[in-house]
Amino acid sequence: MAPISTQLNFPAVPTRLADRRPEVAVDSLIAGLTPPPLFADVRFDSYRPDPAEPTQAEAAAVLRRFAAELAPPARKGLFRRSPPPAGPAGVYLDGGFGVGKTHLLASLWHAAPSPKAYVTFVELTQLAGALGFARLVTELSGMRLLAIDEFELDDPGDTVLVSTLLARLDEAGVRFAATSNTLPDRLGEERFAAQDFLREIQSMAARFASVRVDGPDYRHRGLPAAPAPRNEAAVVEAAQGAGASLDDFGELLAQLATLHPSRYGALLDGVRRVCLTGVAPVPDQNVALRLVVLVDRLYDRQIELVTSGLQLDALFSAEMLAGGYRKKYRRAISRLVALARLAA
């Protein structure tokens with residue numbers, strides 16, 4: 001069958017993500033451990049704490065001090081080993097969503113001395129798979145700071161892996177900062193709280209300082225309404241021009257299965273608008289989790305999204321939205337809708 005763009009008589013043939021086979025060198029993976037483009041320019045000075053929520057200003061002050069403590073001590077001998085940190089080995093930002101935790105975490109990273117790494121929890125587990133655990137420990141052991149955004153507890157295996165990694169890096173003198181992801185259906189506050197995080201890092205818990213960041217209570221906020229999907233011809237038309245891609249949704253999902261998730265960011269290099277035809281329900285959980293990673297990379301880069309077919313807030317089944325990975329799927333829906341609005 002001829003490509004859609006030919007059938008509808010559009011002269012240009014947009015990029016197809018399903019045809020790309022990005023290769024990412026190990027050095028590039030490590031060098032790429034920086035805040036996403038959305039937070040590339042944030043700093044403590046650009047953080048605007050809510051005057052009605054004093055914990056926000058207090059959290060910024062704590063992180064400023066923590067950044068200052070990361071400065072390497074003056075060497076007194078060529079082979080003299082740096083003393084262990086006097087303060088806590090890490091800080092954990094404990095709060096609901098929408099209160100600026102990621103802004104603060106990225107600001108800490110920008111203020112900290114090099115070498116340093118910034119990564120989401122999911123990216124960290126993917127790196128362990130791509131490099132191997134021992135290689136990852138070696139690569140990260142020289143960092144002064146490892147910042148982990150969206151720490152998750154929904155996969156016991158991943159949680160144990162990261163907890164073990166943190167213990168090994170702690171022995172090497174690496175300092176840490178972390179935020180949590182939200183649990184939408186949790187009783188009480190809509191997050192996993194500090195005690196949950198500290199329990200999972202076990203022997204390191206005593207070396208973490210919990211920093212509370214309060215803000216408006218979004219427990220009763222529903223998922224944003226998704227824009228209506230366009231017809232297929234409108235999607236193809238939106239794909240005309242530099243920086244746009246055009247794919248069949250099912251073919252793109254099939255392509256994701258052939259790539260390690262650590263390559264999903266490179267898959268989007270040079271793309272400013274992703275156009276998808278034939279959007280349909282995600283068939284199973286493995287496909288859904290791969291899609292979540294792609295959505296995170298799209299959102300990091302603020303790439304516009306234009307779609308036909310199923311409305312975006314109906315991608316995941318009711319069973320998926322009630323299951324153990326529900327917070328991932330809800331986050332993906334929220335981000336897909338935001339990217340669709342960018343293109344509207």
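Side chains are part of it too, since the values below use all heavy atoms of this structure and drop only hydrogens, waters and symmetry mates.
- Residue pairs satisfying the salt bridge (charged side-chain N to carboxylate O under 4.0 Å, His left out) criterion with at least one member in residues 106-134, sequence neighbours excluded, are listed as follows: Glu123-Arg297.
- Among residues two or more places apart in sequence or in another chain, the salt bridge (charged side-chain N to carboxylate O under 4.0 Å, His left out) test is passed with Arg64 by Asp45.
- Proximity of a side-chain donor or acceptor of Ser46 to a complementary backbone N or O of Val42 within less than 3.5 Å is not detected.
- Checked options Leu105, Thr120, Leu166; the residue passing with Ile148 is Leu166 (criterion: side chain to side chain contact (heavy atoms under 4.5 Å, CB included)).
- Nearest approach of Ala40 to Arg43, heavy atoms of both residues: O-NH1, 3.2 Å.
- Atom CG of Asp19 is separated from atom CG of Asp247 by 7.5 Å, given to the nearest 0.5 angstrom.
- Contact of the Leu267 side chain with the Leu256 side chain is registered, since non-hydrogen atoms from C-beta on lie closer than 4.5 Å.
- The side-chain heavy atoms of Tyr299 and Leu294, taken from C-beta on, include no pair separated by under 4.5 Å.
- In this structure, Pro37 and Asp300 approach most closely via the heavy-atom pair CD-O, 3.3 Å.
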Can Thr258 and Arg21 be said to form a side-chain hydrogen bond (donor to acceptor under 3.5 Å, both in side chains), step by step? CA-CA 9 Å; Thr258 70; Arg21 298 291 302 178; 2.6 Å; yes

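- We find that Arg168 and Asp170 are not joined by a salt bridge, their nearest charged nitrogen and carboxylate oxygen being 4.0 Å or further apart.
- A distance of 10.0 Å separates OG in Ser317 from CG in Asp284, rounded to the nearest 0.5 Å.
- Screening residues 129-143 for salt bridge (charged side-chain N to carboxylate O under 4.0 Å, His left out), with sequence neighbours left out, gives Arg135-Glu139.
- A salt bridge (charged side-chain N to carboxylate O under 4.0 Å, His left out) check over residues 257-273, counting only residues at least two apart or in different chains, returns the pairs Glu23-Arg263, Arg273-Glu304.
- Remark: Gln126 CD to Asp158 CG distance equals 9.0 Å, nearest 0.5 Å.
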Checking side-chain contact (heavy atoms from CB on, under 4.5 Å) for the pair Gln302/Leu342: CA distance, chi angles, key distance, verdict? CA-CA 8 Å; Gln302 290 291 280; Leu342 279 179; 3.8 Å; yes

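- For Pro227 against Ala340, the heavy-atom pair with the smallest separation is CG-CB, 3.9 Å.
- Applying the salt bridge (charged side-chain N to carboxylate O under 4.0 Å, His left out) rule to Glu251 yields the partners Arg16; only residues at least two apart in sequence or on another chain are considered.
- Within the 4.5 Å cutoff, no side-chain heavy atoms of Val279 are placed close to those of Asp248.
- We find that Asp296 and Arg331 are joined by a salt bridge, their nearest charged nitrogen and carboxylate oxygen being less than 4.0 Å apart.
- Between Phe39 and His103, the angle of the ring planes goes over 60°, which puts this pair in the perpendicular group of the 30/60° scheme.
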Test side-chain contact (heavy atoms from CB on, under 4.5 Å) applied to Leu17 and Gln255, step by step: CA-CA 8 Å; Leu17 298 180; Gln255 167 73 340; over 6 Å; no

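- The CG atom of Leu63 sits 5.5 Å away from atom CG of Leu93, with the distance rounded to the nearest 0.5 Å.
- Side-chain contact between Arg175 and Leu146: absent, with no pair of heavy atoms (C-beta onward) separated by less than 4.5 Å.
- Taking every heavy atom of both residues into account, Gln56 and Asp214 meet most closely at NE2-O, 2.9 Å.
- Here the CG atom belonging to Leu246 is positioned 6.0 Å from the SG atom belonging to Cys275, to the nearest 0.5 angstrom.
- Side-chain contact between Leu310 and Pro229 is absent, with no heavy-atom pair separated by less than 4.5 Å.
- The two residues Leu321 and Phe316 have their closest heavy-atom pair at CD1-O, 3.9 Å.
- With rounding to the nearest 0.5 Å, the separation of CH2 in Trp109 from OH in Tyr118 is 10.0 Å.
- In this structure, Leu305 and Ala343 approach most closely via the heavy-atom pair O-CB, 3.5 Å.
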Just do the side-chain contact (heavy atoms from CB on, under 4.5 Å) check on Leu136 and Leu29 with the steps written out, would you? CA-CA 11 Å; Leu136 184 58; Leu29 286 175; over 6 Å; no

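- The closest side-chain heavy-atom distance from Leu268 to Arg301 is below 4.5 Å.
- Under a 3.5 Å cut-off, the side chain of Thr179 and the backbone N or O of Asp149 do not form any donor-acceptor pair.
- With contacts defined as side-chain heavy-atom distances shorter than 4.5 Å, the pair Thr307/Leu336 does not qualify.
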List the steps and the verdict of side-chain contact (heavy atoms from CB on, under 4.5 Å) for Tyr264 and Leu298. CA-CA 9 Å; Tyr264 288 6; Leu298 288 166; over 6 Å; no

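- The side chain to side chain donor-acceptor pair (under 3.5 Å) analysis of residues 24-41, with sequence neighbours excluded, yields no pairs.
- There is no side-chain donor-acceptor pair under 3.5 Å between Thr55 and Glu58.
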For Asn231 and Ser308, run side-chain hydrogen bond (donor to acceptor under 3.5 Å, both in side chains): C-alpha distance rounded to whole Å, both residues' side-chain angles, the deciding distance at 0.1 Å, then the answer. CA-CA 5 Å; Asn231 62 50; Ser308 70; over 6 Å; no

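- Using a 4.5 Å heavy-atom threshold, the side chains of Leu291 and Leu253 count as touching.
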